[in-house]
Number of protein chains: 2
Amino acid sequence: MKVTDRKTEIILTAAKLFRKKGYNAVSMRDLASELGIKAASLYNHIKSKQEILSEIVLQVAERFTTHIDEIYPQEVSSIKKLEAIIQNHIEITIQQTDFLACLNNDWMHLAEENLQDYLKMRNDYEEKFRKILLDGMVKNELENRNPEIVIFSILTTLRTLYLWYSKKSSIEVEVLKKDLPKTLLNGLIQN
Amino acid sequence: MKVTDRKTEIILTAAKLFRKKGYNAVSMRDLASELGIKAASLYNHIKSKQEILSEIVLQVAERFTTHIDEIYPQEVSSIKKLEAIIQNHIEITIQQTDFLACLNNDWMHLAEENLQDYLKMRNDYEEKFRKILLDGMVKNELENRNPEIVIFSILTTLRTLYLWYSKKSSIEVEVLKKDLPKTLLNGLIQN
DNA sequence: GTCTATAACGCGATAGAC
DNA sequence: GTCTATCGCGTTATAGAC
């Protein structure tokens, strides 16, 4: 099996265009043109424009889900879990920048069933994140602060990391991996 | 002069729909239907769909610009300035939730000149914010941390506040005004 | 697997009656 | 100021030749 077959190539190219202009602003002609073929030829590989979007969004969403499901039950401190989650966001931001941007900007353009699947994964993720944070506060590993505001602030920063990352060079990524957990968790860790 | 003339009503309704579905996913027929009229009738009040978007985005952008231009030169501590900026974001989030969402999601669909105006305001805002923060670090009012990561984290939280606010009741807004500055600036303020 | 041709439809915007 | 009618164009997707 090839590493990138034609369908994968289409989806990668679509993600790049969706990120730049938004799902609705990218036509099948735009996408085909970027691949050097005609729009009609795309339909030999994909079922519809909607299918492309759902493959992009759900693939990343599942990656987040898998990771937090693995971290969540571990017997380590809440701080360690939060650090692992932050590292994972950085990894995905680096490896799947375009996909992540699509997830953030265009998830609401998913059709009925795909949309429900996405929203369920998103809610479950946020719920596990909340429990980890609250657990840390209960055990006095973390300062007692308004948890909802803290959750929002951390998650929104992690979600939009791709906006910042794409402006920076790869050297600064090392700085990011080192300093972002501090920035997000400092003033929160009991000392 | 009436408080809300027809044009204002159109723009407010458009902002609500753009927020929910995105600029490109809302047709002039959708907008007209929401107002109980036909699409053609809209054009007695507005020049184009693009004009609606630019009025929404540039109005909010100008409000942010005006505020930071007023705060920036004042002779108070950097912390006071940052607190004032955070309060302003909360105010605008509450008062112009839909407009703010449009600015965040659809600014890239502005046409040539409007887009340039927006980007200039956005850059100027970020630059003044950066200078305030760096000034606070130089004067040891704030901890010396990687400034770009701090700037990104604070601004992205403030920009996306509307996502969080719209889920919460108005009572919790008082909590937000009290706790958000702490959450964003704690671990940053020297003590 | 890509092509040309085209179906079926929705889009933004305008003209002109009332 | 709102309406009906319509123009010209772009959209997703399909049929069938090669």
Side-chain angles (χ1 to χ4, degrees), chain A residues 1-58 102 105-115, chain B residues 1-58 102 105-115:
Chain A
M1 191 164 62
K2 279 182 291 184
V3 176
T4 53
D5 57 9
R6 200 75 166 128
K7 181 170 178 176
T8 308
E9 194 183 357
I10 289 171
I11 291 173
L12 288 171
T13 306
K16 191 181 73 180
L17 294 180
F18 291 168
R19 177 187 175 192
K20 196 160 72 181
K21 310 208 295 173
Y23 177 74
N24 276 307
V26 176
S27 70
M28 296 303 270
R29 287 178 177 92
D30 292 337
L31 175 55
S33 161
E34 187 80 9
L35 287 156
I37 58 174
K38 297 290 172 185
S41 306
L42 293 168
Y43 289 88
N44 276 296
H45 308 279
I46 52 99
K47 209 170 91 313
S48 64
K49 191 184 177 187
Q50 175 63 213
E51 191 204 2
I52 299 177
L53 181 64
S54 71
E55 294 247 6
I56 291 170
V57 175
L58 295 182
C102 290
N105 300 322
D106 289 318
W107 63 265
M108 74 284 283
H109 299 121
L110 287 170
E112 214 35 70
E113 197 177 355
N114 292 328
L115 180 59
Chain B
M1 194 162 62
K2 276 183 294 184
V3 176
T4 53
D5 57 9
R6 201 74 165 130
K7 181 170 178 176
T8 307
E9 193 183 358
I10 289 171
I11 291 174
L12 288 170
T13 306
K16 192 182 73 181
L17 294 180
F18 291 168
R19 177 187 176 192
K20 196 160 73 183
K21 311 209 297 172
Y23 176 74
N24 276 311
V26 176
S27 71
M28 296 302 272
R29 287 171 177 82
D30 293 336
L31 174 55
S33 161
E34 186 79 10
L35 287 156
I37 57 175
K38 297 290 172 184
S41 307
L42 293 169
Y43 290 88
N44 276 295
H45 307 281
I46 51 101
K47 207 170 93 310
S48 65
K49 193 184 177 188
Q50 174 64 211
E51 190 204 5
I52 298 176
L53 181 64
S54 70
E55 294 246 6
I56 292 169
V57 175
L58 295 182
C102 291
N105 300 322
D106 289 318
W107 63 265
M108 74 284 281
H109 299 120
L110 287 170
E112 214 36 66
E113 197 177 357
N114 292 328
L115 180 59

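Chain identifiers are assigned alphabetically (A, B, ...) following the order of the sequence lines, protein sequences preceding nucleic acid strands; residue numbering begins at 1 within each chain. As the structure is a computational prediction, the values presented were derived from the model and not from experiment.
How far CD1 of B:I37 is from CD of B:E9: 8.5 Å, rounded to the nearest 0.5 Å. One finds the NE2 atom of B:H109 at 14.0 Å from the CG atom of B:N114 (value rounded to the nearest 0.5 Å).
OP1 or OP2 of C:dC3 has not a single side-chain nitrogen or oxygen of A:K38 nearer than 4.0 Å. Taking side-chain N and O atoms only, B:Y43 has a distance below 4.0 Å to OP1 or OP2 of C:dA13. Look at A:S41 and you'll find a side-chain N or O under 4.0 angstrom from OP1 or OP2 of C:dC3. OP1 or OP2 of C:dG10 has not a single side-chain nitrogen or oxygen of B:S27 nearer than 4.0 Å.
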Discussion item. For a salt bridge (charged side-chain N to carboxylate O under 4.0 Å, His left out) check, start with the C-alpha distance between B:K7 and B:E51, then their side-chain angles and the critical distance, and finish with the verdict.
Written reply: CA-CA 11 Å; B:K7 181 170 178 176; B:E51 190 204 5; 3.1 Å; yes
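Atom-to-atom, CD of A:Q50 to P of D:dT11 comes out at 18 Å; the value is rounded to the nearest Å. Distance NZ (B:K49) to P (C:dT14): 15 Å, rounded to an integer number of Å.
Taking 3.5 Å as the limit, the base of C:dG12 and the side chain of B:R29 contain a donor-acceptor pair of atoms between them.
Between B:T8 and B:D5, the side chains place a donor N or O and an acceptor N or O closer than 3.5 Å (distance only, hydrogens not considered).
When heavy atoms are screened at a 4.0 angstrom cut-off, B:A39 is found touching no nucleic acid atom at all.
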